[in-house]
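We're numbering straight along the sequence, starting at 1.
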Amino acid sequence: MKRSAKAVSSGAALMVAVSLLSGCSGNGNDSSGNHKSANQGTNANAAATDGNYVPEKDLNLKVWYTWADTAPTKGPTEDVVSPEIKKITKVNFTQKDIIVNNGVTGLERLNMYLATGDLPHVIYAQRSSSEDIIKKLVEADKVWNLDDYLAKYAPNVLKRVTKDAWDSTKIGGKIYGIPSDVPANTTNAPELKGSMFEKNASGNGAWQLVVRDDILKAYDPSAKTVAELGDALKKNGKLTYDDMKVNMKTPDDLMDFLQKSKDMNMKTVNGKDVVPLDMWTQGWWIGPWSQAWGFAGGSGGPVWDDEKNSLYWAPATADYKNYLKWLHTAYQNKLMDQETFTMSDDQRTSKLNNGQYAVTHFWQDISALNDTLKKSGEKFQYRLIQAPANPIADSPQYDFQDPRGGNFIMISKSVPEDELKQILNWIDFQYSEEGELLMAWGPESAGLWEEKDGKRKFKDPALDQNALLGTQTDKDLAFYGLSGGNLNQIDLGRLIYTHETIRGYKSVYETPKNVDNPYGEEWNAITQATVRPIKMDLTGMFINQVPEWGKLTGEDGVIGCMKNEWAKAIVADNDANFEKYYEAGMKRLKDLGLDKAIADLTTLITDYQASIGK
């Protein structure tokens, strides 16, 4: 399965959204900050105007990756981007300038630096593994406090990183580093428009189900089939949320749909009975189905509800028991595949390819499934619907981001103030709209793209398809050092993967619409209409200090419950046995220290909040 370079995972690596961002040139917001346009051939050495910062000298950086033991060895073959960044910012940073630990721990490497007083310019730390390093650098006054510099020298960084991310990563109430791998979003950055809105909207995801369109049409005549969605797409150039609407809002509605689809007594082409509900197999149903039922973020790990100042872990709540009871009812009424907990993944896939399920989930390649059904001569297709979901009273309904699960960029005091400003300007360029365009397309001088009537595309059709759909080619995005390629593995000599919004392919035109199989447009229509605000989840800062959580969220804990006690509860022959097996699962969790884990993590978070005045 080829993934779009633009597609963003919403808590699931298998979610596919083959769709493209529309033109960023239409963004009316001036987000280029202090930088002159590289794509327009502007002189990078031009004098400052209106107080804009312009670098005056060349600066060769050294950057310490605190978590890395060995340096990357592979880079782009023809990097067309890094020389342009250097030209504009006068900062030179290549792979040879990456410093790693080479067999010692990060803390041991730090002690060596403190002994010599010669720290590298930039310290690039992982909050999940380098908290002791960060703390020691701040306590020793070896890194710059950035509070007085961001607004002037890194306005794009200041704007694009969410307020919650800044607040959650302050140390003593002050900013000592830039939290990365944290997306901006339309809630915290309402000025985002055009491609930026679409990127962040789809990034937040939505609860979705996938249904057979012929059964859906029989249940709800107002619902559009895939062919009708294709007609609407062809006519209007896009799908709207109204095109996607169906009369199914709650789990009770979904149960009604499952029952009525069973009562239709429909058969597949091979004569098999259509099964209303596909649950997937081998325990993995915990993810797609708990989210579809309404649990956002909290279905796997614990999260901090910042509004209620309390810890939330979905599997430990009464709401989750109700969810399991709903599944139990579906199984008892033969609305769920009766072989869910015994069949192999291959057996399930065979059923799916025959259209044997009325409802499945979106953690799979639905476009490929529809192509398979077409080749088999089937007239129906699978389409997306917004998943019916109860509003979970105790569940924070957010897209959670861990401010300390990603990376943290600090600037050491081994550099003087003028170099601090230049380094911030260098990072800021990579957060700017102009910088993103450069990193997505390369400079005009590289000759990789052409623009006609305000629309840009790569000249090489193979490169264009690689950028759009992830199609393999020898000279791909990574070959030229463009964003959207396999840059995380390459570790280029720039920090371009430090925030989410540049990971996609920033096209200034739309992909041709696939009216025969408009699944990607269905995805866009739903995800952009169901944006969840992003919240910083404070549990990531402290969860490693509570060892019980490792077991509770792993195979011994909730995954074990799903595959054993709670699977038995779902298939139990009566309600009494459901209760017995449900309580057995809860006993498993309590025996692993659930109550202590919740109390200890709550204490750590509340103490931290008190320390920063929250």
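- Among all heavy-atom pairs drawn from Ile99 and Pro120, the shortest one is CD1-CG, 3.7 Å.
- Within a 6.0 Å sphere centred on NZ of Lys413, other residues, nucleotides and ligands contribute more than 12 heavy atoms.
- Interatomic distance, Thr105 OG1 to Ile133 CD1, rounded to the nearest 0.5 Å: 7.0 Å.
- How far OG1 of Thr602 is from CG of Leu311: 4.5 Å, rounded to the nearest 0.5 Å.
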CA sep, side-chain torsions, deciding dist, call: Lys136, Leu107, side-chain contact (heavy atoms from CB on, under 4.5 Å): CA-CA 9 Å; Lys136 193 164 187 177; Leu107 196 57; 4.2 Å; yes

Glu444 and Trp449: CA distance, side-chain angles, deciding distance, side-chain contact (heavy atoms from CB on, under 4.5 Å) verdict: CA-CA 7 Å; Glu444 186 174 9; Trp449 50 271; 3.7 Å; yes

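- Judged purely by atom type and a 3.5 angstrom limit, Asn92 has no side-chain atom pairing as donor or acceptor with the backbone of Lys86.
- For residues 93-122, the pairs satisfying salt bridge (Lys or Arg N to Asp or Glu O under 4.0 Å) are Lys62-Asp97, with sequence neighbours left out.
- A heavy-atom distance below 4.5 Å is found between the side chains of Val91 and Gln422.
- For the residue pair Leu463 and Tyr480, the shortest heavy atom distance occurs at CD2-CE1, 4.0 Å.
- Of all non-hydrogen atoms in Leu158 and Trp166, the two that sit nearest each other are O-NE1, 3.3 Å.
- Sparse packing is recorded around CG of Asp474, with 12 or fewer heavy atoms of other residues, nucleotides or ligands lying under 6.0 Å away.
- Between Lys57 and Glu419, the closest side-chain pair of non-hydrogen atoms falls below 4.5 Å.
- In this structure, Ile411 CD1 and Asn145 CG are separated by 11.5 Å, a value rounded to the nearest 0.5 Å.
- Shown here for Asn156 and Ser432, the closest heavy-atom pair between the two residues is ND2-CB, 3.5 Å.
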Glu417 and Tyr149: CA distance, side-chain angles, deciding distance, side-chain contact (heavy atoms from CB on, under 4.5 Å) verdict: CA-CA 10 Å; Glu417 187 180 39; Tyr149 298 95; 2.5 Å; yes

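- Side-chain contact between Ile123 and Thr66: present, with at least one pair of heavy atoms (C-beta onward) separated by less than 4.5 Å.
- Of the inter-residue distances, the one linking Met410 atom CE with Ile134 atom CD1 reads 4.5 Å to the nearest 0.5 angstrom.
- By the 4.5 Å heavy-atom criterion applied to side chains, Thr539 and Trp313 are not counted as neighbours.
- Checked against ring-ring contact (aromatic ring centres under 6.0 Å, His included), Tyr176 has no partners two or more places apart in sequence or in another chain.
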Residue pair Glu84, Lys87: steps toward the salt bridge (charged side-chain N to carboxylate O under 4.0 Å, His left out) verdict: CA-CA 5 Å; Glu84 291 297 315; Lys87 186 185 301 182; 3.2 Å; yes

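- Atom CG in Leu420 sits 6.5 Å away from atom CG in Leu146 (nearest 0.5 Å).
- For the pair Asp464 (side chain) and Phe458 (backbone), a donor-acceptor distance under 3.5 Å is present.
- Distance check, rounded to the nearest 0.5 Å: CG of Leu150 to CG of Leu424 gives 6.0 Å.
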Worked check of side-chain contact (heavy atoms from CB on, under 4.5 Å) between Asp428 and Tyr153: CA-CA 7 Å; Asp428 194 68; Tyr153 302 103; over 6 Å; no

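- The backbone N or O of Phe479 lies less than 3.5 Å from no partner atom in the side chain of Glu78, so there is not a single donor-acceptor pair.
- The shortest non-hydrogen separation linking Gln609 to Trp304 is NE2-NE1, 3.6 Å.
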For residues 545-554, which side-chain donor-acceptor pairs fall under 3.5 Å, sequence neighbours excluded?
from: Glu548; atom 1: OE2; to: Lys596; atom 2: NZ; distance (Å): 3.3
from: Trp549; atom 1: NE1; to: Ala597; atom 2: O; distance (Å): 3.2
from: Thr553; atom 1: OG1; to: Trp549; atom 2: O; distance (Å): 2.8

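- Residues Leu137 and Leu110 meet the side-chain proximity criterion, which asks for heavy atoms closer than 4.5 Å.
- Under the 3.5 Å distance criterion, with hydrogens and angles disregarded, no donor-acceptor pair is assigned to the side chains of Asn101 and Trp67.
- Two residues are said to be in side-chain contact when any heavy atoms from C-beta on lie closer than 4.5 Å; Val415 and Val122 fail this criterion.
- Residues Leu482 and Leu448 form a side-chain contact, since some pair of their non-hydrogen atoms from C-beta on lies under 4.5 Å apart.
- No side-chain donor from either of Asn425 and Lys90 sits under 3.5 Å from a side-chain acceptor of the other.
- Of all non-hydrogen atoms in Ile175 and Asp147, the two that sit nearest each other are N-OD2, 2.9 Å.
- Counting heavy atoms from C-beta outward, Ile85 and Trp426 have side chains that approach closer than 4.5 Å.
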